[in-house]
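A quick write-up on the structure given underneath.
A, B, ... follow the sequence lines: proteins, then strands. Residue 1 opens every chain.
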Amino acid sequence: MDHVTGVDGASGESGMRTHYCGVLRAADAGSRVSVCGWVARRREHGEHLAFLDVRDHTGIVQCVVERAHEIRPEYVVRVTGTVRIRPDGTANQQLATGEIEIGDCDVETLATCEPVPFSLDERAETEEPLRLRYRYVDMRTERMQANLRLRAVVNSAIRRSMERQGFVEIETPLLWTPTPEGAREFVVPSRLQHGRFYALPQSPQIAKQLTMIGGFDRYYQIARCLRDEDLRADRQFEFTQLDVEASFVGQDEILGFVTEAMVDAADAATGVRPGGFARMTWAEALDSYGTDKPDLRFGMELADLTAVLAGTGFNALHAPTVKAIVLAGGASLPRARLDGLVERAKALGAKGLVWMRAAGDPVTLDSPVTKFLSEAELTGIVRAARVAAGDLVLIVADEHRRACEVLGQLRLDLGRPPSVGGALRFCWLVDFPLFDGTDEEGNPQAAHHPFTMPYPEDLERLDTDPFSVRAQSYDLVLNGWELGSGSIRIHRPELQRRIFAALGISEADAESRFGFLLDAYRYGGPPHGGFAVGLDRFVAILAGEENIREVIAFPKTQSGSDPMTGGPLPLDPKRLAELGVRVVETAPAVPPPPPRSTGAG
RNA sequence: GGACCUGUGGUGCAGCCUGGAGUGCACGCUGGCCUGUCAAGCCGGAGGUCGCGGGUUCAAAUCCCGUCAGGUCCGCCA
């Protein structure tokens, strides 16, 4: 990583420091320098010698002083002294600055610090709520510094990439109009119009489509989105996405734009341009990986045994689809573990799970159920699933989707590599179904969103077999995480009306919900499509983190609280009255605000 | 809305199953010693509502019920 070798006026420091701590080297020996930072550690050796390790975001430098008893860890100091080579035998190889130290020091305390509530040592684990409550302290750790700076690098690279590709950044409103579709929205009461509400955008979806009609044929935005849905390791109320929309282009061009941005960003983050964006249809992903977000970092693909077992007399394996995965070397798993896998499969919705241990040459299968299968069926399984001696075969027979999905999950349980430090395996998924499931009234539901363009050749089945209609929509998957999704949009009002009808949205409904959008398409809407990439997830993967909170400066807990500020908080009646809002049911117990003192010994 | 896991000096843990004095480990904090350390070392000290409430029991950190907080997941996330 490049380091600034000095600090000039551009830093706005007015000469408080000449260098960052982590950049000093043997070549600087003899220089008179000033560094500013936090005391990472203090080592006292009696009355006449002490060491202060001073830290800033670039690293640590050792300062040698006569006495430092009054200077405690995490004090903010400015040290002015002379860089010198350390005495023979005292260099520290672990430290980038380990060949030198700052001697002849004048130490100025800029701020004191109470004992911090948890260790900043990288080796110490601290419970997350405590880190979040004192996030400003937590941020000083190497981990948080690296993660948030990585995020800035990614944002910056994405902006450059999109601009180079001719995209224009346009800001869209945070105060938008409520739309009763999709994710639950955060709502903002209008002070000037009591009883009316804005909604915070779950995404700038409609706004960006309007910019297409407005003639900005390549729009992008690094946009905050807000969804009032339950939180997860990969979901916060607020998140950031790279939002893209372009006119007069097809699916391949849009995938190309996004691929370019991802490659540029990954390059900036890691120094390597990732290649090999896999591409498969939604149906292929389900068939081979049992999921619509396949993790391509490892094999263990699903084998299809349906044909092999088509005529089986063994009822447990008689089903529309029979699928298997093979765990290499898994034949040695203890029986208790196998029983656990069966339970897991049942918990995932399968009727059962058949396991078989493979041994010998030629390979034979051993299992409590082999006696119900013919020789031909057993050799068929070995051949179809490419079973080798020592392997464990796991078989699920069920409806197609369930069989695939259960084994897809078991594949992850048994084979998924750790998130840290591995390869980046991107994968485009295309040809999603237009509809997925039905609502309470039995109407098909849009798999992506109601403005998604179907394949023209599938349209004839819209009324007769809607679930077979494919959409021109696509997902980007990275290492098994859904990074984003997009589609070609419907730009012709008459087709949009047909889709609304198929979704069970009446003309009057469509008018009241999306009237302004339908109006807009009467005034020259070009063919267009777009995409959105979840940047919190992308940065988390690049950082080797399992949780997006680690790449967010001030995240919320799973219950939507902020341990630092205590929010959300009740509003006093005066402000509620001003907004024309009455609280009908107060929360049962508002916890008291966190105590002010650290209570540290 | 639901399932599971966690909650013990400032921090991270052990103790809980099988009830018997707040018992232990490491770090931190604090006082002292120490002139080349670097997670410094050595000696001493302080620091506890065992998340909270109730129950069982002669006796509860430990068993039971409830509750709160945090986490992981299901539902939810067009």
By the 4.0 Å heavy-atom rule, please label Pro87(A) as base, sugar-phosphate, or nothing.
base
How far, in whole Å, is G20(B) from G15(B) if one measures between their P atoms?
14 Å
Tightest non-hydrogen contact, residues Ala68(A) and Leu52(A), listed as CB-CD2, 4.0 Å
The Watson-Crick or G-U wobble partner of A3(B), with both key distances under 3.5 Å, is U72(B)
Under 4.0 Å, counting only non-hydrogen atoms across every strand here, what does Arg84(A) touch: a base, just sugar-phosphate, or nothing?
base
Mind checking Glu101(A) for me? I need base, sugar-phosphate or nothing, with any heavy atom below 4.0 Å counting as a touch.
base
Under-3.5 Å donor-acceptor pair between Glu47(A) side chain and U35(B) base:
no
Glu185(A) side-chain N/O to Thr179(A) backbone N/O, donor-acceptor pair under 3.5 Å
yes
Just checking Glu125(A): base, sugar-phosphate only, or nothing, at a heavy-atom cut-off of under 4.0 Å?
sugar-phosphate
For A3(B) versus U62(B), give the span between their P atoms, rounded off to a whole number of Å.
23 Å
Counting only non-hydrogen atoms, which of residues 224-237 of chain A are less than 4.0 Å from RNA chain B?
Arg227(A), Glu229(A), Asp230(A), Arg232(A), Ala233(A), Arg235(A)
Just to be sure I understand the rule, does Arg513(A) reach a base, reach only the sugar-phosphate, or reach nothing, if contact means heavy atoms closer than 4.0 Å?
nothing
Pairwise P distance for G28(B) and U11(B), with rounding to whole Å
15 Å
Sorted by position of nearest nucleotide on RNA chain B, 5' first, the leading residue of Arg549(A) and Arg43(A) is Arg43(A)
Within the distance-only criterion (no hydrogens, no angle test), does the side chain of Gln472(A) pair as donor or acceptor with the backbone N or O of Pro454(A) below 3.5 angstrom?
yes
In Å, rounded to the nearest 0.5 Å, how long is the span from CG of Asn547(A) to CZ of Arg232(A)?
12.5 Å
Protein-nucleic acid N or O pairs under 3.5 Å, nucleotides 4-6 of chain B:
none

Can you pull the salt bridge (Lys or Arg N to Asp or Glu O under 4.0 Å) pairs that have at least one residue in residues 551-567 of chain A, sequence neighbours excluded?
Glu238(A)-Lys556(A)
For C27(B), which nucleotide in any strand shown is its Watson-Crick or wobble partner with both distances under 3.5 Å?
G10(B)
Nearest-angstrom distance, P atom, U8(B) to G45(B)
26 Å
So, the side chain of Glu122(A) versus the backbone of Glu142(A): is there a donor-acceptor pair under 3.5 Å, distance only?
yes
Need one value for Ser119(A): base, sugar-phosphate or nothing, where a base atom within 4.0 Å counts as base even if backbone is also close, heavy atoms only.
nothing
Is Arg43(A) paired with Asp53(A) through a side-chain N to carboxylate O contact shorter than 4.0 Å?
yes
Any stacking of Phe118(A) on U11(B), going by centres under 5.5 angstrom and planes within less than 30 degrees?
no
Would you say Arg42(A)'s side chain and His69(A)'s backbone share a donor-acceptor pair under 3.5 angstrom?
yes
Applying a 4.0 Å non-hydrogen cut-off, can you work out what Ala183(A) is touching in the nucleic acid: base, sugar-phosphate, or nothing?
sugar-phosphate
Quick one: is Gln558(A) getting a side-chain N or O under 4.0 Å of the U72(B) phosphate, OP1 or OP2?
yes
Hey, does the side-chain of Arg86(A) have a donor or acceptor N/O within less than 3.5 Å of a partner on the base of U37(B)?
yes
Gap in Å between the two C1' atoms, one belonging to C68(B) and one to G51(B), rounded:
8 Å
Once hydrogens and angles are ignored, does a donor-acceptor distance under 3.5 Å link the base of G41(B) to the side chain of Glu44(A)?
no
When the P atoms of C64(B) and C25(B) are considered, how many whole Å apart are they?
29 Å
With rounding to the closest Å, how many angstrom separate the C1' atoms on G2(B) and G48(B)?
36 Å
For Glu128(A), the option from Arg135(A), Arg133(A), Arg549(A) that meets salt bridge (charged side-chain N to carboxylate O under 4.0 Å, His left out):
Arg549(A)
How is Ala347(A) classified with respect to the nucleic acid when contacts are heavy atoms under 4.0 Å: base, sugar-phosphate, or nothing?
nothing
Does Arg184(A) or Gly46(A) map to a spot on RNA chain B nearer the 5' end, using the closest nucleotide for each?
Gly46(A)
Considering every strand and a 4.0 Å limit on heavy-atom distances, what is the contact class for Thr452(A): base, sugar-phosphate, or nothing?
nothing
Using a cut-off of 4.0 Å on non-hydrogen atoms, how would the nucleic acid contact of Arg67(A) be classed: base, sugar-phosphate, or nothing?
nothing
Across the strands shown, which category fits Ala447(A) at heavy-atom distances under 4.0 angstrom: base, sugar-phosphate, nothing?
sugar-phosphate
Describe the nucleic acid contact of Asp439(A) in one word from base, sugar-phosphate, nothing, applying a heavy-atom distance below 4.0 Å.
nothing
Could you check whether Thr179(A) gets within reach of a base, just the sugar-phosphate, or nothing at all, counting any heavy atom under 4.0 Å?
nothing
In whole Å, measure the gap between the P atoms of G44(B) and G24(B) for me.
15 Å
Check every strand shown and say whether Leu130(A) touches a base, only sugar-phosphate, or nothing at a heavy-atom separation below 4.0 Å.
sugar-phosphate
